[in-house]
Amino acid sequence: MTHAMLKGSNIPLHVTTVRAVVRWTPGQGVPDVDASALLLGPDGRVRSDEDFVFYNQPRHPSGTVWRLGQKRGAEGPTDTIQTDLSGVEADVSQILLVASADGVTFDRVQGLRIALYDPAVADGEPLAYFDIKPETGEETALICGELYRRGEGWKFRALGEGYSDGLKGLASDFGISVDESEAAQEEAAVPVPVPATAPGRPLPPEQPAYGYPHPTSQPAYGYPQPVTAVPDTEFHLPPQGPQFIGRQL
């Protein structure tokens, strides 16, 4: 039986592995949507940057969460995250399933849906699906839903919570350290007029530019590392994030 879910609802998962497929309607001017996942500890934050599974880091070191990548089929384009629930490390309590559109707002994305499948059943019907409606349309990243532990098992909750500052803002809120070195290097390569100063007065130090690295400019695998030639280009935001209030467990 397939469950059609509403925002905030949850269902138990009676499978050992779950495949989360993000689907959208193609069209002129419609961006591709990227699926990603964040593995969170009991404090609601990642344990390290390795807990971010996305286009530049498509497989978690534990081997239990991985990105299958984008496909274009008869029913439209998809991107997929698969999770071996039976093997997820004990100190991971939640796995956020995220959709992002590379800086393009989700008001241009129609028919956005996340559907959960049992990969052990070939061509099976989805276990559940959730049609995601952005609240403002200005979101550039959305938490579609979350896999979370409940007792000895796992459940899925439909969320649809958005960020206007994209994957960078979402990842930072959950404890990912965002590498800004590439953006700083790019700005340093552009000649900047130097204002006149009084003799003997030093110029103020230049500040690094901030911007989340574009996927095509990074290695195909591995989270981007800080560049040692550009100091102080990595930062950690304070522990703040969406407050999920009033959820039914």
Q. What is the minimum heavy-atom distance between G41 and S93, and which atoms define it?
A. O-OG, 3.0 Å
Q: Would you check, one step at a time, whether the test side-chain contact (heavy atoms from CB on, under 4.5 Å) holds for V53 with S36?
A: CA-CA 6 Å; V53 176; S36 54; 6.0 Å; no
Q. Do T140 and S100 touch side chain to side chain, with heavy atoms closer than 4.5 Å?
A. no
Q: Could you state whether L112 and V104 fall into the same hydrophobic cluster, counting links through intermediate Ile, Leu, Val, Met, Phe, Trp or Tyr residues with side-chain heavy atoms under 4.5 angstrom apart?
A: no
Q. Just how far is it from atom OG of S9 to atom CZ of F156, taken to the nearest 0.5 Å?
A. 8.0 Å
Q: Report the C-alpha separation of R67 and R59 in whole Å, then their side-chain angles, then the decisive distance to 0.1 Å, and conclude whether the side-chain contact (heavy atoms from CB on, under 4.5 Å) test is met.
A: CA-CA 6 Å; R67 181 175 182 257; R59 192 176 188 91; over 6 Å; no
Q) Among the clusters formed by ILVMFWY side chains lying less than 4.5 Å apart, do V22 and M5 turn up in the same one? A) yes
Q: Could you tell me whether the side chain of P126 reaches within less than 4.5 Å of the side chain of L116, counting heavy atoms only?
A: no
Q | Separation between CD of Q110 and CH2 of W24, rounded to the nearest 0.5 Å | A | 14.0 Å
**Q.** Closest approach of I114 to A20 (non-hydrogen atoms, all atoms of both residues)
**A.** CD1-CB, 4.1 Å
Q | Rounded distance [0.5 Å steps], CD1 in I81 versus CH2 in W66 | A | 10.5 Å
Q | Spacing of NZ belonging to K133 relative to CG belonging to L6, to within rounding of 0.5 Å | A | 12.0 Å
**Q.** Same apolar cluster (I L V M F W Y, side chains within < 4.5 Å links), V18/I11
**A.** yes
Q.
Looking at every non-hydrogen atom in both residues, tell me the closest pair between T64 and G87 and how far apart they are.
A. CG2-O, 3.2 Å
(Q) Measuring only between side-chain heavy atoms, which start at C-beta, is R149 closer than 4.5 Å to W154? (A) yes
Q. Would the number of heavy atoms belonging to other residues, nucleotides or ligands and lying under 6.0 Å from CD of Q70 be above 12?
A. yes
Q.
Between D118 and V15, is there a side-chain heavy-atom distance shorter than 4.5 Å?
A. yes
Q: If you link ILVMFWY side chains whenever their heavy atoms are less than 4.5 Å apart, which other residues fall into the same cluster as M1? By chain and number, please.
A: none
Q.
If the threshold is 4.0 Å, N to carboxylate O, is there a salt bridge linking D173 and R45?
A. no
Q. To the nearest 0.5 Å, what is the distance between CG (L170) and CD (E139)?
A. 11.5 Å
Q | Side-chain heavy-atom pair L38, D51 within 4.5 angstrom cut-off | A | no
Q | Single-linkage hydrophobic cluster, 4.5 Å side-chain cutoff, Y55 and I95 together | A | no
Q.
Any carboxylate oxygen within less than 4.0 angstrom of a Lys/Arg side-chain nitrogen, looking at E161 and K7?
A. no
Q: Identify, with sequence neighbours excluded, every residue that meets side chain to side chain donor-acceptor pair (under 3.5 Å) alongside E125.
A: none
Q) Could you go step by step and tell me if R47 and V92 meet the side-chain contact (heavy atoms from CB on, under 4.5 Å) rule? A) CA-CA 9 Å; R47 301 162 300 170; V92 173; 3.6 Å; yes
Q | Closest heavy-atom pair and its distance - D49, G175 | A | OD1-O, 4.3 Å
**Q.** Heavy-atom side-chain proximity of T83 to T17 below 4.5 angstrom
**A.** no
Q: Calculate, to the nearest 0.5 Å, the distance between atoms CZ and OG1 belonging to R72 and T78 respectively.
A: 9.0 Å
**Q.** Steps toward side-chain contact (heavy atoms from CB on, under 4.5 Å) verdict (D32, D102)
**A.** CA-CA 8 Å; D32 283 341; D102 194 21; over 6 Å; no
Q | side-chain contact (heavy atoms from CB on, under 4.5 Å) partner of L96, the single match among I143, L147, L39 | A | I143
Q. Same hydrophobic cluster for L159 and L142, using side-chain heavy-atom links shorter than 4.5 Å among ILVMFWY?
A. no
Q: Grab the two heavy atoms, one from R23 and one from E75, that are nearest each other, plus how far apart they are.
A: NH1-CB, 3.5 Å
Q: Cation-pi check, R157 to Y148: give yes when NZ or CZ is under 6.0 Å from the six-membered ring centre and within 45° of the ring axis, no otherwise.
A: yes
Q: Would you name the heavy atoms of T25 and V30 that are closest together and state the gap between them?
A: O-CG1, 3.5 Å
Q: Please say whether the positively charged group of R19, taken as NZ for Lys or CZ for Arg, lies over the ring of Y117, i.e. under 6.0 angstrom from the six-membered ring centre and within 45 degrees of the axis.
A: no
